[in-house]
Amino acid sequence: MPLVNSKEMFKKAYDGGYAIGAFNVNNMEIIQGIVEGAQEEKAPLILQVSAGARKYAKHEYLMKLIEAAVDTSGLPIVVHLDHGPDFETCKSCIDGGFTSVMIDGSHLPFEENIKLTRQVVEYAHDRGVTVEGELGRLAGVEDDIKVSHEDSSYTRPEEVEEFVSRTGVDSLAIAIGTSHGAFKFKGEPKLRFDILKEIEHKLPGFPIVLHGASSVIPEYVQMINQYGGKLEGAQGVPEEMLRQAASMAVCKINIDSDLRLAFTAMIRKHFAEHPDHFDPRQYLTDARAALKDMVRRKIVNVLGCNGKA
Ligand code: G3H
Ligand code: 13P
Ligand code: ZN
């Protein structure tokens, strides 16, 4: 099966009350771990690439690896630009074979966000590429931008219909209390399901996206701390809250930090147990296997898209 855009995938997810995992990719081992996990669970998949990932691994290398994933897995796979910062980056990804892009105008005033998003939609739709826009602002770190909890803001439900109809986006990322990175809540985790419900009501049948949706699994945080790391106070979104969101209008759930934590924890553990090792294949084998297990866990516990490929 060739690469697909997100249109059909989201329609099935919306109707079926589940969500698709959008996992960030940066290198071969990460791609292999994700794809093997999805294959074992027969799950449709979104592999997403940030501007930072393109800079790190190079667009052409990532595309070839993703092509190999498509050829060997037989799964429906979307290749998606995560947090597209401007029109030029979106255009370059569309011209370079991506089947979906996000244009992140969430930091812009409403009218400017609409204008930029509309420009990307026009270019993308002419080429069969789907577009995700964003309204509301998440806290946390993405690429070089850090948004404090004080500067973050929830999506305003009264703006969503106008944004979607004037831009023509295919999906909408919203802010309901999730945030990027490993430090999501200072106290009790809380998501604004009331906002999600209101948006669902205003946009019936329309796919919603949740960013910053790692659960920051305690066993991996503990492992990192045990083997010399320093991640005290890390906390994520409880899995049952995400499952609830996936049963509602949320069709795409973005996960990066949980993959990074599992990967890094296993590398730290490996070196603590084998201080004489220096062959990357030895420690990356463990890391890739942990990442695969993490993806399977997400598919089953959070997304509910097992068996939907
Ligand atoms: O939301 C951001 C993703 O976790 C990607 O992170 O920009 O460091 O590649 P990155
Ligand atoms: P996490 O940092 O919670 O994994 O979020 C990733 C994300 O939203 C990528 O766009
Ligand atoms: Zn994000």
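Just so you know, ligand 1 is whichever comes first in the structure, and atom 1 is the first atom listed for that ligand. These figures come from a predicted structure and were not determined experimentally.
- In terms of polar-atom proximity, defined here as any N/O pair under 3.5 Å, Arg260 does make such a contact with ligand 1.
- Between Glu158 and Arg156 a salt bridge is recorded (basic side-chain N to carboxylate O distance below 4.0 Å).
- In this structure, Gln48 has a heavy atom closer than 4.0 Å to ligand 2.
- In Asp82, the part holding a heavy atom less than 4.0 Å from any atom of ligand 1 is the side chain.
- Using a 4.0 Å cut-off to heavy atoms of His180, the atoms of ligand 1 that qualify are 1 (O).
- Closest protein heavy atom to atom 10 (O) of ligand 2: Asp82 OD2, 2.7 Å.
- Within the 4.0 Å heavy-atom criterion, the part of His83 lying near ligand 1 is the side chain and not the backbone.
- Every atom of ligand 2 is numbered from 1 in the order shown, and the set under 4.0 Å from a heavy atom of His83 is 10 (O).
- If you check each of His211, Lys184, His80 against atom 3 (O) of ligand 2, the one with the closest non-hydrogen atom is Lys184.
- The closest side-chain donor-acceptor pair between His125 and Asp170 falls under 3.5 angstrom.
- For the atom pair CE (Met223) and CD1 (Ile267), the distance works out to 12.0 Å, reported to the nearest 0.5 Å.
- Residue Asp258 places no N or O, backbone or side chain, under 3.5 Å from any N or O of ligand 2.
- Every N/O-N/O distance between Asn26 and ligand 1 stays at or above 3.5 Å.
- Nearest non-hydrogen protein atom to atom 2 (O) of ligand 2 is Ser257 OG, 2.7 Å.
- For Arg166 and Glu159, the salt-bridge test fails: no basic side-chain N is under 4.0 Å from an acidic carboxylate O.
- The aromatic rings of His274 and His270 sit tilted relative to each other, their planes meeting at an angle between 30° and 60°.
- A salt bridge between Asp256 and Arg260 is present, with a side-chain N of the basic residue lying under 4.0 Å from a carboxylate O of the acidic one.
- Set against the non-hydrogen atoms of Asn24, the atoms of ligand 1 under 4.0 Å away are 3 (C), 5 (C).
- The Zn ion (ligand 3) lies at the vertex of an angle of 90° between the ND1 atom of His211 and the NE2 atom of His83 (rounded to 10°).
- No cation-pi contact links Arg281 to Tyr283, judged by a cut-off of 6.0 Å to the six-membered ring centre and 45° from its axis.
- Distances from ligand 1 to the non-hydrogen atoms of Ser50 include at least one value under 4.0 Å.
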Set out, in order, the CA-CA distance, both residues' side-chain angles and the distance that settles ring pair (Phe, Tyr, Trp, His ring centres under 6.0 Å) for Phe206 and Tyr14, then state yes or no. CA-CA 8 Å; Phe206 191 80; Tyr14 197 102; 8.8 Å; no
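- Within ligand 2, counting atoms from 1 as listed, the ones closer than 4.0 Å to a heavy atom of Asn24 are 9 (C).
- A salt bridge does not link Lys64 to Glu60: none of the charged side-chain nitrogens sits closer than 4.0 Å to a carboxylate oxygen.
- In the vicinity of His180, heavy-atom distances shorter than 4.0 Å reach the ligand 2 atoms 2 (O), 5 (O), 6 (C), 7 (C), 8 (O), 10 (O).
- Ring geometry, Phe87 versus Tyr123: the interplanar angle exceeds 60°, so the pair is classed perpendicular (tilted spans 30 to 60°).
- Proximity of Ala182 to ligand 2, defined as any heavy-atom pair under 4.0 Å, is not found for any part of the residue.
- In terms of heavy atoms, Gly187 sits closest to Gln235 at O-NE2, 3.2 Å.
- For ligand 1 and Asp256, the ligand atoms under 4.0 Å from any heavy atom of the residue are 3 (C), 4 (O), 5 (C), 6 (O).
- For ligand 2 and Ile255, the ligand atoms under 4.0 Å from any heavy atom of the residue are 4 (O).
- Looking at Gln48, Glu132, His180 one by one, the single match for side chain to side chain donor-acceptor pair (under 3.5 Å) with His83 turns out to be His180.
- Regarding atom 8 (O) of ligand 2, its nearest protein heavy-atom neighbour is Gly212 N, 2.8 Å.
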